[in-house]
Amino acid sequence: MGLVWTFLVVAAVATAAFTGSVAALTGAIAESAGKAVTVSIGLVGVLTLWLGLMKVAEEAGLVTQVARLVRPLMRRLFPEVPADHPALGSMVLNLSANLLGLGNAATPFGVRAMQELETLNPRKGVATDAQALFAAMNTASLQLVPATVIALRAGAGSRAPAEILGATLVASACGVVVAVLVSKLLARLRIGDSP
Amino acid sequence: MKLLLDTLSTWAVPLLVAGIPLYALTRKVNVYAAFLEGARGGFETGIRIVPPLTAVLVALGMLRASGALDGVARALAPLLDPLGVPASVLPLMVIRPLSGGAALGVVGDVLRSEGPDSYAGRLVSVMCGSTETTFYVLAVYFGAAGITRYRHALPAALLADLAGMTAAVVVVRLLFGG
């Protein structure tokens, strides 16, 4: 990540020098740094609420039951995670919340899943195959109801704001399939194993 | 179908917030104590996300301000136009993995200028709904777990974005016509 990050920053400064927008950079740097804190702090509320509710669900045995429903699929996707590991339950909750378009709840579940997967990690700080796959699946975002987009379409006066539901589902399913295939392939090739 | 999905997404959160404690009570769980125990990690996790998110958002903010993203979009336009991606949609493809807010801005612009029921309008809607703000998701999830080396997660995630957007073009053309 150090390589990617440095490249992005250097590319930005080089382009700015070229386009004559160096002055704008200074403002953007301070503004973005401030935004990172606002976004993180903004997450604290939903993180706290859903991590609390999740603990309640866990003690009631709900998380294990939900995880059991899709265990065959999860075992194939994440073979290195033990069958009864709490990470599986968190991952299932995260993926279901994403599917329903409940972004607020999905993030805490995903964060928790990632932390639980880290307990299985022999090389702390270096993503495991399971963590990389789980992250890639999340960025592909399979969802039934893209609520924000539908609201924007309705606001712009669309005759059928929700007519894009089916197309969105198919497109995001393609994204998830590619995320899984590419992650599995790259994991096997051990590409990116060096920093 | 649409009504069912709408109802589902409207009711899901309130039902979960009420249903989980109710079910736990019937299982004789000490609901309040369990809630507080789980919730305790929320603040710490939020704070833990600050450093990685700062790094990622600063880099992306710089890229936007430098005009690099617009440059990439302009350079790609002649290549992608014959493939069914209008020039007005291209900025979305470049910015979608980088910034959720900016992506919604582009979607709003296209919906206003070309109409939500135009080809471009439908295409931006499907593209935006079927992908995620990849860099943000990676920064938050990996940041919370203290991961600094992403290995193949970034290329896999970006290829998935590309696949989702390509599929969006194909599906929108098939379903609604170009």
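The chains referred to below are lettered A, B, ... by the order of the sequence lines, with proteins before strands, and numbering in each begins at 1.
- Enclosure of atom CD in Glu44(B) is not indicated, since only 12 or fewer non-hydrogen atoms of other residues, nucleotides or ligands lie within 6.0 angstrom.
- Contact count versus chain A (heavy atoms, under 4.5 Å) is highest, among Ala167(B), Gly67(B), Gly143(B), Pro51(B), for Ala167(B).
- Taking Leu63(B), Asp117(B), Val137(B) one by one and counting their heavy-atom pairs under 4.5 Å with chain A, the maximum is reached by Asp117(B).
- Using a 3.5 Å distance cut-off with no hydrogens or angles, the side chains of Asp161(B) and Thr131(B) do not pair a donor with an acceptor.
- Highest contact tally toward chain B, considering only Ala28(A), Ala156(A), Ala179(A), is held by Ala156(A) [criterion: heavy-atom pairs under 4.5 Å].
- Proximity to chain B (any heavy atom under 4.5 Å) is shown, for Glu163(A), by both the backbone and the side chain.
- Contact annotation for Leu175(B): only side-chain heavy atoms (C-beta onward) come within less than 4.5 Å of a heavy atom of chain A.
- Chain B forms more heavy-atom pairs under 4.5 Å with one residue of Leu62(A), Leu43(A), Thr19(A) than with any other, namely Leu62(A).
- In this structure, a donor-acceptor pair under 3.5 Å is present between the side chains of Ser125(B) and Arg153(A).
- If you measure heavy-atom distances from Ala14(A) to chain B, you find no contacts under 4.5 Å at all.
- Of the two parts of Leu8(A), the backbone and the side chain both hold a non-hydrogen atom closer than 4.5 Å to a non-hydrogen atom of chain B.
- When heavy atoms are compared at a cutoff of 4.5 Å, Val50(B) approaches chain A by way of both its backbone and its side chain.
- Heavy-atom pairs under 4.5 Å with chain B peak, among Ser21(A), Gly166(A), Pro146(A), Gly34(A), at Ser21(A).
- Other residues, nucleotides and ligands contribute over 12 non-hydrogen atoms within 6.0 Å of the OH atom of Tyr23(B).
- Between Val39(A) and Tyr136(B) the shortest side-chain heavy-atom distance falls below 4.5 Å.
- In this structure, Phe134(A) and Phe78(A) have side chains that are in contact, with non-hydrogen atoms separated by less than 4.5 Å.
- Both the backbone and the side chain of Leu104(B) come within less than 4.5 Å of a heavy atom of chain A.
- For chain B, no part of Leu169(A) is nearby; none of its heavy atoms comes within less than 4.5 Å.
- Contact annotation for Val17(B): both backbone and side-chain heavy atoms come within less than 4.5 Å of a heavy atom of chain A.
- Between chain B and the residues Val4(A), Thr15(A), Val176(A), the largest count of heavy-atom pairs under 4.5 Å involves Thr15(A).
- Counting heavy atoms from C-beta outward, Lys184(A) and Leu181(A) have side chains that stay 4.5 Å or more apart.
- A donor atom on one side chain and an acceptor atom on the other are not found under 3.5 Å apart for Thr139(A) and Glu132(B).
- Counting heavy-atom pairs closer than 4.5 Å to chain B, the top residue among Ser172(A), Gly175(A), Gly125(A) is Gly125(A).
- Between the side chains of Glu80(A) and Thr128(A), no donor-acceptor pair of N or O atoms lies under 3.5 Å.
- Looking at Arg48(B), only its side chain comes within 4.5 Å of chain A, counting heavy atoms on both sides.
- Taking the six-membered ring wherever Trp is involved, the centroid distance between the rings of Tyr150(B) and Phe142(B) falls below 6.0 Å.
- If you measure heavy-atom distances from Ala167(A) to chain B, the contacts under 4.5 Å come from both the backbone and the side chain.
- Within the 4.5 angstrom heavy-atom criterion, only side-chain atoms of Val29(B), from C-beta onward, approach chain A.
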Candidate pair Val149(A) and Ile164(A), rule side chain to side chain contact (heavy atoms under 4.5 Å, CB included), full reasoning: CA-CA 9 Å; Val149(A) 171; Ile164(A) 44 101; 4.1 Å; yes
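- For chain B, the option among Gln131(A), Met54(A), Met137(A), Arg112(A) with the highest count of heavy-atom pairs below 4.5 Å is Gln131(A).
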